Amino acid sequence: MKKSESFAYHMYLKKTIKRIKHKIELLGETNLELFTFLNVRFLFSLLLFFLILTFFKYGYILAPISTILFYIVIEKIVLDIPIKKRGKKLEDEAIFFFEILSLTLESNRHLKGSLELTSHNIDSELSSEFKKTLIEAKMGKSFTESLISMKERIPSDSINSIILNLTESSIFGNNITETLNNQLDYLREKKLLGIKAEINKLPTKISVLSVLFFIPIMLLIILSPVLLEFLLG
């Protein structure tokens with residue numbers, strides 16, 4: 001272990017390190033490193049604190065409040081929001097992936113063989129995660145352990161529920177097809193509800209746009225004769 005990492009382990013709380021590490025894993029393929037994020041966030045928080053303390057009249061009040069807000073918000077921007085977006089993307093991909101997997105299983109293939117065939121014929125991020133899982137199984141881990149590890153990298157409860165069912169099927173050898181189809185119905189319904197929710201938000205968004213753009217333009221048109229008269233004397 002590098003000295004800088006060893007020092008960082010003593011500098012930050014274990015639960016903080018564990019939480020951030022898990023969130024970075026949920027991002028999937030990323031160049032973001034655990035201690036890089038922690039150290040940069042800490043240094044910028046210190047810098048922000050001393051800048052506000054130095055240059056603002058009520059810095060002794062604003063500095064701690066601003067620093068705490070920055071500390072919380074930066075994690076949401078860098079980690080939480082991308083994780084949420086990735087979860088939605090994986091769920092969109094999951095419908096097609098698991099539909100093909102279900103059809104493959106119905107052709108009397110075993111689970112592991114069906115996953116190999118499906119993942120190698122579909123190009124998606126979810127497919128890449130299953131490929132990684134299958135590689136781990138070939139490198140020494142059991143297939144069940146590899147599926148359990150995969151759950152730690154997926155930011156979607158719906159997909160993790162399917163992975164749990166696949167894990168149980170791998171252990172007990174029970175038929176997964178019916179359960180998989182039920183989970184697919186749930187994913188389709190969830191996607192449909194999401195689309196309906198976005199449609200329901202449209203009137204509000206249009207109203208906001210009207211207030212911001214159209215009403216000022218209308219006022220300008222109505223008041224333009226008065227403004228011209230005032231400008232021209």
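Computed from heavy atoms alone, side chains included, the values below leave out hydrogens, waters and symmetry copies. Values in this document were obtained by computation on a predicted structure and should not be read as measured data.
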Name of the residue among T104, L103, L105 meeting side chain to side chain contact (heavy atoms under 4.5 Å, CB included) with T177: L105
Any chain of hydrophobic side-chain contacts (each under 4.5 Å) joining [X] to [Y]?
X    : Y    : result
I81  : I74  : no
L51  : I65  : yes
I171 : I148 : no
I68  : Y12  : no
L69  : L53  : yes

Mind listing the closest non-hydrogen atom pair of [X] and [Y] along with its distance?
X    : Y    : result
P82  : K76  : CD-O, 4.2 Å
S156 : I159 : OG-N, 3.3 Å
R86  : P155 : NH1-CD, 3.4 Å
L187 : A94  : CD1-CB, 3.9 Å
R41  : F70  : O-CE2, 3.9 Å
A137 : S146 : N-OG, 3.3 Å

Pairwise side-chain contact, [X] with [Y], heavy-atom cut-off 4.5 Å (strictly under):
X    : Y    : result
L47  : L43  : no
S128 : K132 : no
N165 : L180 : no

Mind checking the [atom1]-[atom2] spacing from [X] to [Y]? Nearest 0.5 Å is all I need.
X    : Y    : atom1 : atom2 : result
K151 : I162 : NZ    : CD1   : 12.0 Å
I163 : S170 : CD1   : OG    : 13.0 Å
I154 : N160 : CD1   : CG    : 6.5 Å
L111 : I176 : CG    : CD1   : 7.5 Å
I100 : L117 : CD1   : CG    : 10.0 Å
L13  : K18  : CG    : NZ    : 13.5 Å

Working note: K141 + S149, criterion side chain to side chain donor-acceptor pair (under 3.5 Å); need CA distance, chi angles, decisive distance, verdict. CA-CA 10 Å; K141 274 188 178 182; S149 296; 2.7 Å; yes
Using side chain to side chain contact (heavy atoms under 4.5 Å, CB included), reason through L126 and F96 one step at a time and then give a plain yes or no. CA-CA 10 Å; L126 182 60; F96 179 67; over 6 Å; no
Give a yes or no on whether [X] atom [atom1] has more than 12 heavy-atom contacts from other residues, nucleotides or ligands under 6.0 Å away.
X    : atom1 : result
D157 : CG    : no
D123 : CG    : no
E33  : CD    : no

Taking the side chain from S119 and the backbone from E116, do they hold a donor-acceptor pair closer than 3.5 Å? yes
So, the side chain of S127 versus the backbone of I122: is there a donor-acceptor pair under 3.5 Å, distance only? yes
Are F130 and F97 near enough that their ring centres are under 6.0 Å apart? yes
Show, in sequence, the C-alpha distance, side-chain angles and deciding distance for I24 and I20, and conclude whether the side chain to side chain contact (heavy atoms under 4.5 Å, CB included) test is met. CA-CA 6 Å; I24 291 174; I20 300 300; 4.0 Å; yes
If the test is salt bridge (Lys or Arg N to Asp or Glu O under 4.0 Å), which one of E125, E25, E129 qualifies with R153? E129
Run S161 and Q183 through side chain to side chain donor-acceptor pair (under 3.5 Å) and show every step you take. CA-CA 8 Å; S161 178; Q183 293 283 355; 3.1 Å; yes
Ionic contact status for [Y] with [X], cut-off 4.0 Å:
X    : Y    : result
E91  : K191 : no
R188 : E99  : yes
K88  : E93  : no
K23  : E75  : yes

Say whether Y186 and N181, considering side chains only, have a donor N or O and an acceptor N or O under 3.5 Å apart. no
Verify side chain to side chain contact (heavy atoms under 4.5 Å, CB included) between F143 and L134, making sure each step is shown before the conclusion. CA-CA 7 Å; F143 182 52; L134 291 166; 3.9 Å; yes
Does the side chain to side chain contact (heavy atoms under 4.5 Å, CB included) test come out yes or no for L38 and T16, once each step is laid out? CA-CA 9 Å; L38 289 171; T16 301; 4.1 Å; yes
